Amino acid sequence: MRTYDSATAPDAIAVTGPGGRAAGAPGPSTPAPDSPAAAPQAPGFGSRAAVAGSRTATSRVPDSGPDSLATVSRAPAPDSRRRGTLLAGLGVVAFSLTFPSTVWGLESFGPWSLVAVRSTLAALLAGVFLLAGRVPLPERRHWAGLAVVAGGVVIGFPLLTSLALQTSTTSHAAVVVGLLPLTTAAFAALRTGRRPSRTFWIAAVSGAVVVLGFTLAESGGALSTGDLYLFGALLVCAAGYTEGGRLAGLMPGWQVIGWALVLCLPLMVAASAVALSLEPVRLNAHGVIGLVWVAAGSTFFGLYVWYRGMAAIGIPKASQLQLAQPLLTLVWSVTLLGETLSPAAPVAAVAVLVCIAVTQRSKS
């Protein structure tokens with residue numbers, strides 16, 4: 001009997017939400033093995049074939065009769081693990097550069113222009129890959145879900161974070177959006193009807209309290225307009241990731257974000273024309289580099305290598321790598337943008353990471 005290996009099949013890709021950094025989303029939210037979108041990861045997380053770091057083959061068991069089947073598990077080869085770790089790590093680095101790249105992009109474009117143009121470019125790239133792979137159109141019943149992914153990951157998150165970064169620092173935004181994995185987990189629990197453990201909810205609420213306290217302290221005791229944009233971005237992106245995780249159980253994850261981008265293409269082309277005519281454009285090196293990165297790097301390349309890496313090493317190990325994303329963003333904010341970190345920023349970021357780690361290890 002021929003064996004089928006879900007970890008090496010071309011379209012067996014484990015994913016979490018769309019995208020992400022779709023479109024600039026920080027690293028997207030990685031689901032736990034028993035939940036399609038219940039842990040941190042890049043935009044559109046979930047698992048198409050329940051890839052969890054092991055390869056499964058179906059073979060006959062001689063002692064159990066001629067028609068008996070048994071499932072035999074074997075660990076992935078060391079070369080596959082190393083390659084998968086490298087790919088997933090590249091995805092995390094790509095996502096961590098989204099906010100600094102957005103700040104650079106805002107030097108040349110207005111927030112509406114930046115989001116519309118970046119989404120247009122990313123959609124064109126996705127369309128080329130979908131055509132090259134001769135990927136069939138999704139079934140009609142999936143288009144509503146893809147619309148949710150597009151609204152949350154392709155449009156909502158990039159737009160709201162771009163508006164926020166006009167007044168908020170990158171380091172401040174990185175800490176607030178570091179709460180995204182927990183927000184996604186809460187959405188996933190509501191969407192799937194699962195009941196996470198009490199430990200999970202205690203850790204999730206603790207993370208939310210840490211971020212809220214940090215935000216109030218940084219904003220002088222009241223939420224700023226930038227903070228409201230960031231909290232709105234958390235909600236719409238978590239909804240998009242959760243729906244992306246569900247769809248990723250029905251089609252390869254990169255196709256989920258690819259079709260979500262293509263779905264937005266007509267709207268984004270029209271929005272680009274309008275926004276570019278209304279907002280001033282002042283091209284410089286930083287602005288062009290920022291635009292290219294958020295379109296091709298964060299939204300397309302980052303998600304692609306992230307999905308491939310997770311397929312090779314499994315969701316739990318990939319999730320551990322993504323815990324470094326907010327801290328990497330803090331590093332980029334200092335080295336690339338010259339920002340000065342407040343003493344509370346790294347402390348709050350580490351506290352949120354601890355809360356995320358607890359939710360990952362807690363059982364539903």
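Residue numbers start at 1 and run along the sequence shown. Basis for what follows: all heavy atoms, side chains included, without hydrogens, waters or symmetry-related copies. Everything numeric here is computed off the predicted structure, so don't read it as measured data.
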Hey, does the side chain of [X] reach the backbone of [Y] with a donor-acceptor pair shorter than 3.5 angstrom?
X: Ser108; Y: Arg282; value: yes
X: Ser168; Y: Leu165; value: no
X: Ser113; Y: Ala275; value: yes
X: Gln166; Y: Pro111; value: no

Show your working on side-chain contact (heavy atoms from CB on, under 4.5 Å) between Leu212 and Leu216 and close with a plain yes or no.
CA-CA 6 Å; Leu212 183 60; Leu216 292 174; 4.2 Å; yes
Contact between [X] and [Y] at the side-chain level, heavy atoms closer than 4.5 Å - yes or no?
X: Thr167; Y: Thr225; result: no
X: Leu124; Y: Val128; result: no
X: Arg118; Y: Thr102; result: yes
X: Thr120; Y: Leu265; result: yes
X: Leu337; Y: Phe99; result: no
X: Thr169; Y: Ser333; result: no
X: Leu179; Y: Leu234; result: yes
X: Leu114; Y: Leu291; result: yes

Criterion side-chain contact (heavy atoms from CB on, under 4.5 Å) on Trp254 and Phe129, from CA distance to verdict
CA-CA 10 Å; Trp254 74 272; Phe129 273 72; 4.2 Å; yes
So if I apply the side chain to side chain contact (heavy atoms under 4.5 Å, CB included) rule between Leu247 and each of Ile257, Val148, Leu146, which one comes out positive?
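Looking at Ile257, Val148, Leu146, the match for Leu247 under the side chain to side chain contact (heavy atoms under 4.5 Å, CB included) is Leu146.
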Closest heavy-atom contact between [X] and [Y]?
X: Ala238; Y: Leu180; result: N-CD1, 3.9 Å
X: Gly290; Y: Trp104; result: CA-CB, 4.1 Å
X: Ser298; Y: Phe95; result: O-CE2, 3.6 Å
X: Thr299; Y: Ala295; result: CB-O, 3.3 Å
X: Ser171; Y: Leu341; result: CB-CD2, 3.3 Å
X: Ala348; Y: Val175; result: CB-CG1, 3.8 Å

Cluster link [X] to [Y], ILVMFWY, side chain under 4.5 Å:
X: Val256; Y: Leu130; result: yes
X: Phe109; Y: Ile155; result: yes
X: Val236; Y: Val153; result: no
X: Val115; Y: Val262; result: no
X: Val331; Y: Val352; result: no

Side-chain H-bond candidate by donor/acceptor type, Trp332 with Ser96, under 3.5 Å:
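Looking only at side-chain atoms, Ser96 and Trp332 do form a donor-acceptor pair, the distance falling under 3.5 Å.
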Using only heavy-atom distances, determine whether the side chains of Ser197 and Thr199 contain a donor-acceptor pair under 3.5 Å.
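No - no donor-acceptor pair under 3.5 Å links their side chains.
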If you measure from [atom1] on [X] to [atom2] on [Y], what distance do you get to the nearest 0.5 Å?
X: Ser119; Y: Leu261; atom1: OG; atom2: CG; value: 7.0 Å
X: His286; Y: Leu106; atom1: NE2; atom2: CG; value: 13.0 Å
X: Phe301; Y: Leu90; atom1: CZ; atom2: CG; value: 5.0 Å
X: Leu327; Y: Thr329; atom1: CG; atom2: OG1; value: 8.5 Å
X: Leu230; Y: Leu160; atom1: CG; atom2: CG; value: 8.5 Å

Show the numbers, then the answer: is there a side-chain contact (heavy atoms from CB on, under 4.5 Å) between Thr215 and Phe231?
CA-CA 10 Å; Thr215 302; Phe231 283 119; 4.0 Å; yes
Among all residues two or more places apart in sequence or in another chain, which pass the ring pair (Phe, Tyr, Trp, His ring centres under 6.0 Å) test with Trp259?
none
Taking ring pair (Phe, Tyr, Trp, His ring centres under 6.0 Å) as the test, write out the residues that go with Phe214, two or more places apart.
His172
